[in-house]
Amino acid sequence: MNPWEKIREHLQGRISPQDYSSWVEPARFSHVEEDVLFVRVPNKMFRDFYEQHFAGDLQQALRALPLGIERIEFLEAPAAVPAKKGAQSQAVFDFDSPLAQLNPRYKFETFIVGPSNQFAHAASDAVARNPSKAYNPLFLYGGVGLGKTHLVQAIGHALAERRLRICYVTTNQFVHEMINSIRYDRMISFHDRYRNLDVLLVDDIHFVSGKERTQEEFFHTFNALYEGQKQMVFASDRSPKEIPQLEERLRSRFEWGLMADLQLPDLETKVAILMRKAELHGVTLPDDVALLIASKMHGNVRELEGALTRLLAYSSLTGVEIRVGMAQQVLKGTLAAQERLVNIEAVQQVVAEEFRIRPADLKARSNSRKVVYPRQVAMYLCREMAAASLPEIGRAFGGKHHTTVLHSIEKIQESKKTNKELTRVLNKLTDLLR
Ligand code: ADP
Ligand code: MG
């Protein structure tokens, strides 16, 4: 692992996942000179962002990690597309090399196709072969870690090879750039930049929720590109209908082209993904180990990858060959946590049925009486029956704070002492869960 990768790893749990994927992932290790680490970023906007927002985190990382690095310098990646003559925008924004914005690992060749993502893959492939002709816009959606970014960037790679002018941007980057452009009176070049493209790829578009000015800007960008028959691809963690606080006119445009969703992969697809990822690391994963991980990991592909990474790291650090027994040992904690997760889901299921609400209501933000009490009961049972930790329970209930969880559990413990009806319900649910 190079020093930048170590720093990235250090930052991962400390900054928000959005900031991480928008700002940290696209930055690449360049080189080290004495005690200075050089990191490549796609453009000036990134440099500014690092200086304004991450200076403290980076300092902290340098102090915490034994890297022998004193300082980090950010280099803007050289522009691969020659500047258009006379275009005013060039004075302010350099045209970023499209490839610098894309992760080299996210290509079609490395994407495993299975029933869970077949449609999204086929649609992406069609767009990559026939931009602006096949489907415009293409709207990919599905839960986190299921391969949306991978597919969007695969389209980007394919079209960059054809020398089309592409721009890949996360919604947070777009917002940040827009705010800076407003602040420094550069809206004209901002418009130029986004409307003189052949292909616009926008990731995590659900983050436009509630951002009126951004939505307006997207609306005009969309119209300009659509009229010019330029391809647009959006990725979102939910369908346009499910994005709250989204203007109707934008929602309907997102639905103009083709919408394709991604689901959790099935067992066979998970096995294939693990084998392929290991192969990319130059390791042949034994069938039974792949099957073990695939059958025990119930989450998304990113979690699957995380398990594999740990296994590969352990094996390469200790020299121990990858075998089933060794994998069980190394992944003990991870697999046990997965097991608890399944149990948490079972608890949510029976509690929801008992109180005639949907399991999703238990995870929602709502604090209506109708869901608060069942949620407390469910949290209590998760603690009792699934032996889950407070933070684990909090996460499984839509990201509640662990103190909220504790409070809920205590509430139930308290009222159980006097409330006969509650005792009856708890006994019934406990029986069901056994
Ligand atoms: P999302 O954008 O949907 O949150 P990503 O595209 O970032 O998810 O995918 C998370 C990780 O899982 C990435 O490393 C990606 O390469 C990998 N991944 C997801 N689906 C597949 C797949 N079908 N084949 C190979 N890798 C995949
Ligand atoms: Mg993504």
Side-chain angles (χ1 to χ4, degrees), residues 9-21 57 60 64 143-145 237 264 293 296-300 302-307 309-310 328-355 357-419 421-434:
E9 202 179 69
H10 184 84
L11 290 176
Q12 192 151 25
R14 291 178 167 78
I15 63 178
S16 77
Q18 294 92 287
D19 277 351
Y20 186 84
S21 71
D57 292 312
Q60 196 270 334
V144 292
D237 75 1
L264 280 174
I293 304 176
K296 297 273 162 109
M297 300 288 296
H298 305 282
N300 62 44
R302 188 169 293 140
E303 292 172 70
L304 202 62
E305 263 184 358
T309 306
R310 292 200 38 190
Q328 263 161 343
Q329 200 56 36
V330 175
L331 299 176
K332 205 161 59 188
T334 314
L335 299 181
Q338 288 287 318
E339 197 103 328
R340 288 196 293 275
L341 202 61
V342 178
N343 294 338
I344 289 179
E345 272 166 22
V347 170
Q348 291 173 333
Q349 196 70 40
V350 296
V351 171
E353 266 169 42
E354 172 70 23
F355 291 96
I357 56 176
R358 295 174 309 145
D361 295 332
L362 293 170
K363 303 179 202 170
R365 284 187 171 225
S366 161
N367 277 328
S368 78
R369 270 184 58 92
K370 211 177 122 227
V371 300
V372 168
Y373 184 59
R375 191 186 289 143
Q376 288 171 345
V377 170
M379 286 179 170
Y380 170 84
L381 285 170
C382 284
R383 186 70 172 165
E384 292 288 302
M385 306 278 306
S389 70
L390 299 177
E392 261 171 348
I393 299 175
R395 272 197 299 280
F397 284 78
K400 306 278 186 297
H401 197 257
H402 62 90
T403 52
T404 311
V405 178
L406 183 61
H407 176 74
S408 303
I409 294 172
E410 285 171 350
K411 262 238 143 88
I412 298 296
Q413 278 166 343
E414 203 42 47
S415 58
K416 202 171 68 154
K417 291 179 189 155
T418 51
N419 184 337
E421 171 59 15
L422 172 60
T423 312
R424 190 193 63 77
V425 169
L426 287 176
N427 285 340
K428 175 177 163 194
L429 295 175
T430 310
D431 278 346
L432 280 172
L433 285 164
R434 278 229 173 83

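Computed from a predicted structure; not experimentally measured. Only heavy atoms go into these numbers, but all of them, side chains included; no hydrogens, no water, no symmetry mates.
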Inset, instruction - For residues R375 and N367, determine if any side-chain heavy atom of one lies less than 4.5 Å from a side-chain heavy atom of the other. - result: yes
Inset, instruction - Evaluate the side-chain proximity of L406 to E410: yes if any heavy-atom separation is below 4.5 Å, no if none is. - result: yes
Inset, instruction - Could you grab the distance from atom OG of S415 to atom CG of L422, nearest 0.5 Å is fine? - result: 5.0 Å
Inset, instruction - Check N419 against T423 and note the closest heavy-atom contact, atom names and distance. - result: O-OG1, 2.9 Å
Inset, instruction - Decide yes or no for L433 and N343: does some side-chain heavy atom of the first lie under 4.5 Å from some side-chain heavy atom of the second? - result: no
Inset, instruction - Could you tell me whether Q60 atom CD has more than 12 heavy atoms of other residues or ligands within 6.0 Å of it? - result: yes
Legend entry - Taking every non-hydrogen atom, the tightest pair across G145 and N300: O-CB, 3.5 Å
Inset, instruction - Would you give the length of the straight line joining atom CZ of R302 to atom CG of L304, rounded to the nearest 0.5 angstrom? - result: 12.0 Å
Legend entry - Exercise: identify the closest heavy-atom pair between P359 and A352: N-CB, 3.6 Å
Legend entry - Closest contact, heavy atoms only, A388 versus I344: CB-CD1, 3.8 Å
Inset, instruction - Would you mind reporting whether Q413 and K416 have side-chain heavy atoms less than 4.5 Å apart? - result: no
Inset, instruction - Determine, for R395 against E392, whether the closest basic-nitrogen to carboxylate-oxygen distance falls under 4.0 angstrom. - result: no
Inset, instruction - Evaluate the criterion side chain to side chain contact (heavy atoms under 4.5 Å, CB included) for residue pair F397 and S408; output intermediate values, then yes/no. - result: CA-CA 12 Å; F397 284 78; S408 303; over 6 Å; no
Inset, instruction - Specify the closest pair of heavy atoms between V351 and P374, including all atoms of both residues, with the distance to one decimal. - result: CG1-O, 3.5 Å
Inset, instruction - Would you check if the side chain of Q348 reaches a backbone N or O of A396 as a donor-acceptor pair within less than 3.5 Å? - result: yes
Inset, instruction - Check the pair L11, D19 against side chain to side chain contact (heavy atoms under 4.5 Å, CB included), reporting the backbone distance first and the verdict last. - result: CA-CA 10 Å; L11 290 176; D19 277 351; over 6 Å; no
Inset, instruction - Start with the C-alpha distance between L341 and H298, add both sets of side-chain angles, then the distance that settles side chain to side chain contact (heavy atoms under 4.5 Å, CB included), and finish with yes or no. - result: CA-CA 8 Å; L341 202 61; H298 305 282; 5.7 Å; no
Inset, instruction - Check whether any side-chain N or O of D361 sits under 3.5 Å from a backbone N or O of R358 as a donor-acceptor pair, and report yes or no. - result: yes
Legend entry - Polar side-chain atom of R310 near backbone of V330 as donor-acceptor pair, under 3.5 Å: yes
Legend entry - Reported OH-to-CG distance for the pair Y380 and L429, which is rounded to 0.5 angstrom: 11.0 Å
Legend entry - Least distance between heavy atoms, K400 atom then M379 atom: CG-CE, 4.1 Å
Inset, instruction - Look only at the side chain of Q338 and the backbone of M297, and say whether a donor-acceptor pair between them is shorter than 3.5 Å. - result: no
Inset, instruction - Indicate yes or no: at least one non-hydrogen side-chain atom of K370 is less than 4.5 angstrom from one of F355. - result: no
Legend entry - I412 vs L381 side-chain heavy atoms within contact, under 4.5 Å: no
Legend entry - K428/D431 ion pair, N-O < 4.0 Å: no
Legend entry - Value rounded to 0.5 Å, distance of CG in L432 from CD in E353: 8.5 Å
Inset, instruction - Starting at CG of L390, measure out to OG1 of T404 and round the result to the nearest 0.5 Å. - result: 10.5 Å
Inset, instruction - Start with the C-alpha distance between E414 and K411, add both sets of side-chain angles, then the distance that settles side chain to side chain contact (heavy atoms under 4.5 Å, CB included), and finish with yes or no. - result: CA-CA 5 Å; E414 203 42 47; K411 262 238 143 88; 5.8 Å; no
